[in-house]
2 protein chains.
Amino acid sequence: MRNHQVVSVWLEQELAAGRLAIGSRLPGERTMAEHLNISRASVREGTRVLEALGVVRAGVGSGPQAGTIITGNPALALDAALRLHVASAHLPIKDIVETRLLLETWCVEHASRDSPALERAAALLDEMDRHHDGPAGFLERDALFHVALAEAAGNVLIGAMMGSLRGSIADYTQRLTAGLPVWTTTSERLRREHRAILAAVVGGQGAHAAHLVRDHIEGFYRESGIHRHSDSA
Amino acid sequence: MRNHQVVSVWLEQELAAGRLAIGSRLPGERTMAEHLNISRASVREGTRVLEALGVVRAGVGSGPQAGTIITGNPALALDAALRLHVASAHLPIKDIVETRLLLETWCVEHASRDSPALERAAALLDEMDRHHDGPAGFLERDALFHVALAEAAGNVLIGAMMGSLRGSIADYTQRLTAGLPVWTTTSERLRREHRAILAAVVGGQGAHAAHLVRDHIEGFYRESGIHRHSDSA
DNA sequence: TAGCTTGTGTGGTCCGACCACAGGACGTAG
DNA sequence: CTACGTCCTGTGGTCGGACCACACAAGCTA
């Protein structure tokens with residue numbers, strides 16, 4: 001085992017034993033190095049890994065925000081990993097869209113009708129109606145809308161995955177909208193579909209909502225002309 | 001931006017530009033440090049992150065296996081991230097089981113009937129019949145069996161997720177089997193179910209296969225007595 | 001020609017130093 | 001007594017240089 005890995009192993013043990021939890025502050029790098037019998041450089045490498053995985057957050061200075069603190073942000077790891085793997089063409093866009101479809105339909109099917117996240121979703125739709133700041137602003141709110149739906153389903157993992165999935169193909173999506181003939185037309189259709197989806201969820205018609213989501217997503221990509229090709233560049 | 005991050009950024013650019021691809025060898029750490037105007041320590045921290053995300057693999061010495069080489073192993077990132085987030089109790093076991101259920105039913109529904117992975121799956125079932133080496137060996141082959149099904153569906157992302165999902169709760173599963181009254185009985189039932197699932201997939205009865213998978217997984221956890229509790233310790 | 005030796009380049013590890021930063025403790029001027 | 005400014009301390013961030021184990025390739029040697 002490489003030296004920097006002992007940090008992860010040690011942390012996992014501490015977490016399992018309950019000696020550390022989310023919000024706890026890790027010992028200083030110098031202290032840890034001595035305690036684990038490795039150099040500070042190795043401790044830092046281990047910490048970088050934990051940071052990349054969304055397990056800790058490092059902050060300089062002193063005070064409550066300083067030091068290395070345990071967080072719980074699995075989306076961070078997925079985000080970074082997906083970005084790079086898409087860039088390396090190892091993850092076909094098709095797979096991501098397919099997965100997104102799967103997760104998203106599941107979310108609306110399992111969303112609880114009275115989740116506060118649904119109110120946030122509704123507010124976002126109102127914003128999209130009011131502000132007409134082009135595809136960029138629209139897509140941003142669109143992303144938040146879908147993430148809100150994920151939250152309503154109450155599964156941390158799936159929520160994180162959905163957020164990262166969207167993030168990993170955000171650039172791609174943005175490029176797609178640039179190729180649309182008339183954005184206004186598309187925008188109106190998408191907003192109409194959003195309303196219908198949310199209404200179905202709030203109305204408890206999960207299966208119907210899932211169907212709408214499927215058409216919504218597939219429709220967008222079809223209109224943008226990718227036809228589930230597996231290009232990623 | 002912290003210095004070690006320039007490595008990831010640089011790599012993403014190189015990948016996007018097509019100057020590097022999976023299988024390529026990165027410049028040496030010393031060379032990169034000079035090229036990126038950062039210290040070797042920073043380069044190493046950046047490399048550790050990439051390694052943790054499953055984007056590269058580092059090897060010492062010389063020859064084809066030496067140096068830092070670009071790989072495509074998204075499962076590695078998921079694996080590590082899930083392990084730690086489960087340990088920190090940020091990811092309820094319930095969410096993982098739920099997600100696994102979702103992915104796994106999707107897989108058997110979308111598995112192509114003539115995928116070579118299905119033959120591997122069948123071979124694994126034969127092994128499980130022949131070798132009776134207790135829960136440990138059984139669970140290992142069981143995991144491979146489910147991963148094989150994922151491959152048959154032809155989605156890299158979902159395949160990776162499923163593998164990692166299983167890994168993240170492997171310890172947990174192992175502990176569950178220890179509490180079973182009569183392992184032989186359970187084992188026989190599970191094997192029977194595996195056969196039925198595979199038969200349904202090969203027979204093109206996707207919906208039926210999905211149903212069987214759901215019963216299969218839910219049944220196991222129910223029998224083990226967790227009843228979808230959200231403990232993780 | 002077969003086998004050993006040496007050379008070279010790789011990542012792995014460590015040390016010690018210095019920096020910027022963000023508070024807390026303290027002392028001083030009002 | 002209060003308010004402000006200064007110094008101190010501990011944090012992570014960065015750096016340069018050193019040495020190690022390793023694995024292969026080229027070359028020397030028997």
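In the text below, chain A, chain B and the rest are named by the order of the sequence lines, each starting its count at 1. Predicted, not measured: the structure shown is a model, and the values here were computed from it.
Annotation: side chain of Val6(A) is not in contact with side chain of Asn37(A) (no heavy-atom distance under 4.5 Å). Glu104(A) places none of its side-chain heavy atoms less than 4.5 Å from the side chain of His216(A).
The side chain of Arg40(A) lies closest to dT14(D), out of dT14(D), dG23(C), dC14(C).
As rounded to whole Å, 9 Å separates atom P of dG11(C) from atom CZ of Arg25(B). Rounded to an integer number of Å, the gap from CZ of Arg30(A) to C1' of dC14(C) is 15 Å. In this structure, Ile70(A) atom CD1 and dG12(D) atom P are separated by 13 Å, rounded to whole Å. In this structure, CD of Glu45(A) is placed 16 Å from P of dG12(D), rounded to the nearest angstrom. Distance, Met1(B) CE to dT14(D) C1': 15 Å, rounded to whole Å. Between the CZ atom of Arg44(A) and the P atom of dC15(C) there is a distance of 16 Å, rounded to whole Å. Atom C1' of nucleotide dG11(C) and atom CD of Gln5(A) are separated by 14 Å, given to the nearest angstrom. Remark: C1' of dG16(C) and CD of Glu29(A) are 15 Å apart, rounded to the nearest angstrom.
Listed pair Ser39(A) / dC14(C) meets the phosphate criterion, a side-chain N or O lying under 4.0 Å from OP1 or OP2. In this structure, Arg48(A) reaches the dG13(D) phosphate: one of its side-chain N or O atoms is under 4.0 Å from OP1 or OP2. Note on Thr68(A): a side-chain N or O is less than 4.0 Å away from OP1 or OP2 of dG12(D). A sub-4.0 Å separation between OP1 or OP2 of dC14(C) and a side-chain N or O of Ser42(A) is present.
Comparing Ile38(A) and Val60(A) by the nucleotide of DNA chain C whose heavy atom lies nearest to each, the residue mapping closer to the 5' end is Ile38(A). Comparing Gly61(A) and Ala41(A) by the nucleotide of DNA chain D whose heavy atom lies nearest to each, the residue mapping closer to the 5' end is Gly61(A). Residue order along DNA chain C, read from the 5' end via each residue's closest nucleotide, puts Thr31(B) first among Ser62(A) and Thr31(B).
Judged purely by atom type and a 3.5 angstrom limit, Asp95(A) has no side-chain atom pairing as donor or acceptor with the backbone of Asn155(B).
Contact annotation for Arg2(B): backbone-only contact, meaning every heavy-atom pair under 4.0 Å involves sugar-phosphate atoms and none involves a base.
The side-chain contact (heavy atoms from CB on, under 4.5 Å) check on Ser24(B) picks up Leu20(B), Ala21(B), Ile70(B), with sequence neighbours excluded.
A salt bridge is defined here as a Lys NZ or Arg NE, NH1 or NH2 lying under 4.0 Å from an Asp or Glu carboxylate O, and Glu45(A) with Arg48(A) fails to meet this definition.
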